[in-house]
S.K.: 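Quick one: structure below, then a few questions.
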There are 2 protein chains.
Amino acid sequence: MILDATDKRILAELSANSRQSMRELAKKVNLSAPSVTERVRKMESEGIINGYTISIDYGKMGYGVDCFMEVTLRQGEYEKFRRIIAVNPNAEFCYRIAGRACYIVKLRVKALQDLETFINEITGYAETVTHIALSKVEIEKSLLDEK
Amino acid sequence: MILDATDKRILAELSANSRQSMRELAKKVNLSAPSVTERVRKMESEGIINGYTISIDYGKMGYGVDCFMEVTLRQGEYEKFRRIIAVNPNAEFCYRIAGRACYIVKLRVKALQDLETFINEITGYAETVTHIALSKVEIEKSLLDEK
DNA sequence: GTTGAAAGACACCATCC
DNA sequence: GGATGGTGTCTTTCAAC
């Protein structure tokens with residue numbers, strides 16, 4: 001599916017506030033409500049809009065430490081690692097990567113002790129390189145701003 | 001603010017569908033609508049609910065390559081790098097980190113050529129280590145499932 | 001893609017437990 | 001802390017264009 005500028009504006013508006021009504025949204029993109037609704041439904045069925053969700057500030061919930069961990073599996077125990085990471089609630093995401101390591105994981109923990117627990121859990125068959133996040137750099141431009 | 005099990009269920013439900021009405025939500029967590037609304041407003045004003053947004057599948061929009069890049073600045077030109085990354089629409093996030101590198105950036109590009117363009121742009125004052133994402137490992141458990 | 005109308009659902013408030 | 005009921009508004013949806 002090829003998106004035009006209006007579709008992208010719709011996505012940008014819904015990214016900023018997914019709870020607004022189709023009417024409000026229609027006003028913002030200078031279209032009628034039924035027309036906007038049709039475009040949104042189309043993007044939903046195409047899977048471009050993957051879902052309506054919220055942004056949660058985990059820091060305010062006490063998870064004060066974010067970190068990135070590169071994980072390299074020693075004896076190729078990929079399945080073992082996948083099973084463990086899939087049920088780790090501290091994991092925000094995990095990707096299989098090409099590059100220096102096997103996986104890159106983002107973790108959110110309350111204290112460094114939780115990080116230690118996790119590293120100890122996998123250290124028998126995995127090597128880890130951990131980067132603690134110090135601050136976030138805000139990105140101003142989005143792919144939805146493009147042409 | 002300390003969240004109880006009901007608050008966490010509300011967050012989990014809104015994460016799954018942020019467009020549902022307070023009434024629907026109330027049914028799911030076995031509370032009345034005004035009561036749920038009050039809890040939601042509280043979490044909004046506390047900043048725990050940071051916003052209502054959508055999940056976009058950028059792969060379906062043609063951005064087929066995700067990658068993680070570690071960036072190490074040679075002469076400490078942090079500001080220069082920050083300015084460039086802040087206006088790069090391909091950047092999904094960027095964190096200042098403690099560890100081997102200065103920053104870790106996630107990029108979404110249509111083709112490796114776009115990656116090359118970016119690397120060339122900063123190569124004068126930065127060293128980069130790039131990890132191409134091959135696949136995503138789904139995480140089943142969430143911090144909102146906790147106690 | 002637009003307009004207009006109708007039915008239904010919604011949030012909100014006051015009140016009460 | 002939470003539930004109930006009434007009110008007026010806003011919403012989506014549909015038909016006609």
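What you are looking at is a predicted structure, and each value in this text was computed from that prediction instead of being measured. Labels below follow one simple rule: chain letters A, B, ... track the order of the sequence lines, proteins then strands, and each chain is numbered from 1.
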S.K.: Quick one: side chain to side chain donor-acceptor pair (under 3.5 Å) partners of B/E140, sequence neighbours excluded?
M.R.: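 Once residues adjacent in sequence are excluded, B/E140 has no partner under the side chain to side chain donor-acceptor pair (under 3.5 Å) criterion.
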S.K.: Starting at CG of B/L31 and ending at P of C/dA11, how long is that distance when rounded to a whole Å?
M.R.: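 That distance rounds to 15 Å.
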S.K.: So if I take the C1' atoms of five pairs at each end of the helix from C/dG1-D/dC17 to C/dC17-D/dG1 and get each local axis, what angle do the two axes make, rounded to 10 degrees?
M.R.: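 What I find for the helix from C/dG1-D/dC17 to C/dC17-D/dG1 is an axis angle of 30°.
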S.K.: So which residues get pulled into A/V129's cluster when ILVMFWY side chains under 4.5 Å apart are joined, directly or through others?
M.R.: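 Members other than A/V129 - counting any ILVMFWY side chain reachable under 4.5 Å - there are none.
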S.K.: Does A/S32 make a side-chain N or O approach to OP1 or OP2 of C/dT3 shorter than 4.0 Å?
M.R.: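 No, A/S32 has no side-chain N/O under 4.0 Å of OP1/OP2 on C/dT3.
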S.K.: Could you pull out all residues at least two apart from A/Y63 that satisfy side chain to side chain donor-acceptor pair (under 3.5 Å)?
M.R.: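 If we apply the side chain to side chain donor-acceptor pair (under 3.5 Å) test to A/Y63, skipping adjacent residues, there are no hits.
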S.K.: Tell me, please, which residues at least two apart from A/R82 pass side chain to side chain donor-acceptor pair (under 3.5 Å).
M.R.: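 Result, side chain to side chain donor-acceptor pair (under 3.5 Å) vs A/R82: A/Y103.
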S.K.: List the steps, then state whether ring-ring contact (aromatic ring centres under 6.0 Å, His included) holds for A/Y95 with B/F68.
M.R.: CA-CA 10 Å; A/Y95 287 88; B/F68 295 89; 5.3 Å; yes
S.K.: Apply the test salt bridge (charged side-chain N to carboxylate O under 4.0 Å, His left out) to residues A/R41 and A/E38: give CA-CA distance (whole Å), side-chain angles for both, the deciding distance (0.1 Å), then the verdict.
M.R.: CA-CA 5 Å; A/R41 297 288 171 261; A/E38 192 186 344; over 6 Å; no
S.K.: About how many Å separate CG of A/L31 and CZ of A/R9, when rounded to the nearest 0.5 Å?
M.R.: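 Rounded to the nearest 0.5 Å, the CZ-CG separation comes out at 9.5 Å.
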S.K.: Among residues at least two apart in sequence or on other chains, which ones pass side chain to side chain donor-acceptor pair (under 3.5 Å) with B/E92?
M.R.: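 If we apply the side chain to side chain donor-acceptor pair (under 3.5 Å) test to B/E92, skipping adjacent residues, the hits are B/K106.
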S.K.: Side-chain polar contacts of residues 69-76 of chain A - donor-acceptor pairs under 3.5 angstrom, sequence neighbours left out - could you list them?
M.R.:
unit_1 : atom_1 : unit_2 : atom_2 : d
A/E70  : OE1    : B/R100 : NH2    : 3.0
A/E70  : OE2    : A/H131 : NE2    : 3.1
A/E70  : OE2    : B/R100 : NH2    : 2.6
A/R74  : NE     : A/E127 : OE2    : 3.2
A/R74  : NH1    : A/T123 : O      : 3.4
A/R74  : NH1    : A/G124 : O      : 3.3

S.K.: Shoot me the first and last contacting nucleotide of DNA chain D against chain A, ordered 5' to 3', at under 4.0 angstrom to non-hydrogen atoms.
M.R.: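 Going 5' to 3' along DNA chain D, contacts run D/dT11 to D/dC14.
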S.K.: Check B/I122 against B/T128 and note the closest heavy-atom contact, atom names and distance.
M.R.: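 B/I122 and B/T128 have their closest heavy atoms at CD1-CG2, 3.7 Å.
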S.K.: Polar pairs (N or O, both sides) under 3.5 Å between protein and nucleotides 8-10 of chain C?
M.R.:
unit_1 : atom_1 : unit_2 : atom_2 : d
C/dC10 : OP1    : B/S21  : OG     : 3.1

S.K.: Hey, what do you get for NZ (B/K28) to CD (B/E24), rounding to the nearest 0.5 Å?
M.R.: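 Spacing of NZ (B/K28) from CD (B/E24) equals 5.5 Å.
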S.K.: Could you state whether A/L25 and A/L144 fall into the same hydrophobic cluster, counting links through intermediate Ile, Leu, Val, Met, Phe, Trp or Tyr residues with side-chain heavy atoms under 4.5 angstrom apart?
M.R.: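 As far as the 4.5 Å side-chain criterion goes, A/L144 and A/L25 are connected within one cluster.
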S.K.: Please give me the minimum heavy-atom distance between B/Q20 and A/R19, naming the atom from each residue.
M.R.: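 That would be O-NH1, 2.8 Å.
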S.K.: In a table with atom names and distances, give each donor-acceptor pair under 3.5 Å that connects a side chain of residues 107-115 of chain B to protein atoms at least two apart or in another chain.
M.R.:
unit_1 : atom_1 : unit_2 : atom_2 : d
B/D114 : OD2    : B/K110 : N      : 3.3
B/D114 : OD2    : B/A111 : N      : 3.4

S.K.: Can A/S18 and B/S18 be counted as having a side-chain donor-acceptor contact under 3.5 angstrom?
M.R.: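 A/S18 vs B/S18: donor-acceptor pair found between side chains.
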S.K.: Can you list, by residue number, the residues of residues 37-44 of chain B that have a non-hydrogen atom closer than 4.0 angstrom to DNA chain D?
M.R.: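 Heavy-atom contacts with DNA chain D come from B/E38, B/R39.
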S.K.: Please list, by residue number, the residues of residues 1-16 of chain A whose heavy atoms come closer than 4.0 Å to an atom of DNA chain D; answer none if no residue qualifies.
M.R.: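 Those residues whose heavy atoms fall under 4.0 Å from DNA chain D, taken from residues 1-16 of chain A, amount to none.
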